[in-house]
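Heads up: the structure comes next, in structure tokens.
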Amino acid sequence: MRTKPSPDHRVWRNWAGTAAATPARWSRPCSEAEISAAVKDATAAGLTVRALGSGHSFTAAAATSGVALDLSGWTGITAADTGTGLVTARSGTTLRALGAELAGVGLAMANLGDIDVQTLAGALSTGTHGTGARLGGLATQVEELELVLADGSVVTCSASSRPELFNAARVGLGALGVISTVTLRCVPSFTLLADERPVPVEEVLEQFDELAAANDHFEFYWFPYGRKALVKRNNRLAGRDQPPGSPVPPPLPAWRRFWEFEVMENAGFGALCRLGRASPRLIPTLNRFSSAALSARTYTDASYRVFVTPRRVRFAESEYAVPRESLGHIIAELRNAVPRLADPVMFPVEVRVAAADDIWLSTGYGRESAYVAIHQYTGLPYQAYFDRFESIVGEVAGRPHWGKLHSLDAGRLRSLYPRFDEFRRVRAEVDPEGRFGNDYLARVLGSHEL
Ligand SMILES: Cc1cc2nc3c(=O)[nH]c(=O)nc-3n(C[C@H](O)[C@H](O)[C@H](O)COP(=O)(O)OP(=O)(O)OC[C@H]3O[C@@H](n4cnc5c(N)ncnc54)[C@H](O)[C@@H]3O)c2cc1C
């Protein structure tokens, strides 16, 4: 579900309700030529331009007081080679539509995050990731990008053509131009065996490295007042040796998917959250109840159906990538800090892993990461919790997800990203007037001028 302009077609708001803006102008290009024309028109009018995705960033990354480019008319796959796995898609395609179209030609993305309502370009631009110690974020699946630059020209970049622009633009925060098309390296469709079960959190932390190494996709959720974590292990079935005679569980039947994902995880959890918001002193008990109610399930299904789940209960989120070896320390500090907060926490902490990559502003640049995400139910106070979290992850050079709430500025981020200045140099070259700037970029990247 995309966030749409409100009925008066003036105000833009993100999914979480944590950012809003009033663009001077809206534009809905349906071709590359129209994207280019919209950028040139903005220049003529002296306005800035931001491409909009689905509005699922918690930060004001997409917010603009200039021209808002709604790319919901610029979607679909334009080329797919099932031999090489190379697939080109228009930037406004949602991950859900992409997954369904890829399945139709026997292909899939190697990894995905928790949801699939983001647009392809929106997800890439903020460094969206899933989990898997041998896999990087979504941007590591990109082979080529086509961009509309500030002067309206269209350029292609890849590892061999304009490699510096490619290194910057794969996680480009929308600062370098409007991504027009994306060429991804996809993999043959695959089935995942999903195994989810509650495990005492100490046990998960003790076995963290083995769990990360032994599973294609490993993550856990932990309710901060509870003793148990929900450990999720998703493993590819194709080519994996099955112990003789081991039964392969079937996909969840439709009624059970509905019951578990919609009723229990959305409607039921939403009701608990509303109760907690009405009576905050109940939250630690509700949180322990949620933790104790965790149950096991195993099933198989197409990868793109296992990776993602519907998220209808709204929340605020912050997430940091930390060096993997520091995870135990971070969880211990959170465990200590959360019960001391004046405002109790309703939502679980989510922990994922990713391989190191070489993309300049990727949170996984140059190091194996654990991702620690904290959340609070919408309408409940979260600032003190997020500030405390930020000071904990700050001690280990944590890097914030570009699309999730954080307070870091260019001065601090420069010390966290070895290629930060190179990114800024490429930005100054391709967008010397700051056509694609907004307040968020001014904070996290500094001036568009060097
Ligand atoms: C419920 C929920 C679950 C989430 N789960 C995950 C998860 O599992 N893993 C994870 O890493 N993140 C996750 N996120 C964060 C989310 O993936 C990112 O914030 C992502 O950027 C949102 O994509 P979007 O299409 O909504 O983009 P938007 O938020 O609309 O835009 C993001 C940025 O991309 C830019 N942009 C959009 N289109 C273009 C274009 N064509 N060219 C250039 N720039 C462009 C925008 O200007 C903006 O700067 C989640 C968020 C929510 C709300």
Side-chain angles (χ1 to χ4, degrees), residues 1-3 12-19 21 29 32 35 38-39 48-64 66-72 74-75 89-96 111-131 136-139 145-149 169-182 217 219 266 307-321 347 350 352 354 362-364 369 371 373 375 378 400-405 431 436-441 444-445:
M1 152 214 24
R2 288 166 187 274
T3 49
W12 168 90
R13 281 195 182 80
N14 67 347
W15 176 87
T18 47
E32 194 168 72
I35 297 175
V39 173
T48 54
V49 184
R50 291 301 287 175
L52 301 182
S54 301
H56 274 59
S57 291
F58 297 85
T59 54
T64 183
V67 179
L69 278 191
D70 168 3
L71 294 170
S72 59
W74 180 239
T75 61
R90 298 187 184 104
S91 58
T93 312
T94 62
L95 296 177
R96 180 172 305 167
N111 202 2
L112 283 172
D114 285 344
I115 58 163
D116 58 6
V117 297
Q118 310 97 317
T119 61
L120 180 55
L124 294 173
S125 298
T126 61
T128 295
H129 62 89
T131 191
L138 267 53
L145 291 172
E146 204 167 43
L147 287 159
V148 177
L149 298 184
R170 276 180 288 168
V171 178
L173 315 184
L176 306 167
V178 181
I179 298 172
S180 167
T181 64
V182 179
H217 310 275
E219 67 182 300
N266 279 295
F307 284 133
V308 304
T309 46
R311 292 286 160 85
R312 306 200 199 286
V313 183
R314 303 219 176 187
F315 52 86
E317 178 173 353
S318 178
E319 183 179 51
Y320 270 72
F347 258 66
E350 182 182 15
R352 294 180 275 186
S362 164
T363 44
S369 303
Y371 285 93
H375 318 75
T378 191
H401 189 303
W402 298 104
K404 301 189 183 180
L405 297 171
D431 186 13
F436 298 110
N438 67 1
D439 290 348
Y440 181 68
L441 291 193
V444 298
L445 295 178

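Residue numbers run from 1 in the order of the sequence given. Remember, it's 1-based here, ligands and their atoms both numbered in the order they're listed.
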Q: Indicate yes or no: does an N/O atom of I115 lie under 3.5 Å from an N/O atom of ligand 1?
A: no
**Q.** Atoms in ligand 1 flagged as close to F58, the criterion being non-hydrogen separation under 4.0 Å
**A.** 51 (C), 52 (C), 53 (C)
Q: Return yes if some donor-acceptor pair links the side-chain N/O of T93 with the main-chain N/O of R90 below 3.5 Å, else return no.
A: yes
Q) Quick check: does G55 get an N/O under 3.5 Å from an N/O on ligand 1? A) yes
Q. Should E317 be counted as touching ligand 1, given the test is an N or O pair under 3.5 Å?
A. no
Q: Assess A16 for proximity to ligand 1: is some non-hydrogen atom of it under 4.0 Å away?
A: no
Q. Measuring from Y440:OH to L173:CG, what's the distance to the nearest 0.5 Å?
A. 6.5 Å
Q.
Tell me the protein heavy atom at minimum distance from atom 14 (N) of ligand 1, and give that distance in Å.
A. K404 CE, 3.6 Å
(Q) Counting only nitrogen or oxygen atoms and a 3.5 angstrom limit, does V178 reach ligand 1? (A) no
Q | Test of proximity, D114 against ligand 1: N or O pairs below 3.5 Å | A | yes
Q.
Check for me whether F315 has a heavy atom closer than 4.0 Å to any atom of ligand 1.
A. yes
Q. Is any N or O atom of G113, backbone or side chain, closer than 3.5 Å to an N or O atom of ligand 1?
A. no
Q: Please confirm whether A121 comes within less than 3.5 Å of ligand 1 when only nitrogen or oxygen atoms on both sides are compared.
A: no
Q) Will you find, in the side chains of E32 and S180, an N or O donor that is under 3.5 Å from an N or O acceptor? A) yes
Q.
We want to know whether E319 and H375 form a side-chain donor-acceptor pair, criterion being a heavy-atom distance below 3.5 angstrom.
A. no
Q. Non-hydrogen atoms of A373 versus ligand 1: any pair closer than 4.0 Å?
A. no
Q: Could you pull out all residues at least two apart from T48 that satisfy side chain to side chain contact (heavy atoms under 4.5 Å, CB included)?
A: T64
Q.
I'd like to check whether W15 has a polar contact with ligand 1, where a contact means an N/O of the residue lying under 3.5 Å from an N/O of the ligand.
A. no
Q. Would one find an N or O of R352, backbone or side chain, under 3.5 Å from an N or O of ligand 1?
A. yes
**Q.** Distance-only donor-acceptor check, side chains E219 and T131, under 3.5 Å
**A.** no
Q. Does any N or O atom in L71 lie less than 3.5 angstrom from one in ligand 1, N or O only?
A. no
Q. Any chance the rings of Y320 and H401 have centres within less than 6.0 Å?
A. no
Q.
As an exercise, state the distance from CG of L120 to CG of L71, rounded to the nearest 0.5 Å.
A. 11.5 Å
**Q.** Contact partition for S125 relative to ligand 1, non-hydrogen atoms under 4.0 Å
**A.** side chain
Q.
Once ring pair (Phe, Tyr, Trp, His ring centres under 6.0 Å) is applied, do any residues pair with F436, and if so which ones, sequence neighbours excluded?
A. none
Q: Have a look at ligand 1 and work out which part of A123, if any, has a heavy atom under 4.0 Å from it: side chain, backbone, both or neither.
A: backbone
Q. In terms of atom number and element, which parts of ligand 1 are under 4.0 angstrom from non-hydrogen atoms of T126?
A. 18 (C), 19 (O), 20 (C), 21 (O), 32 (C), 33 (C)
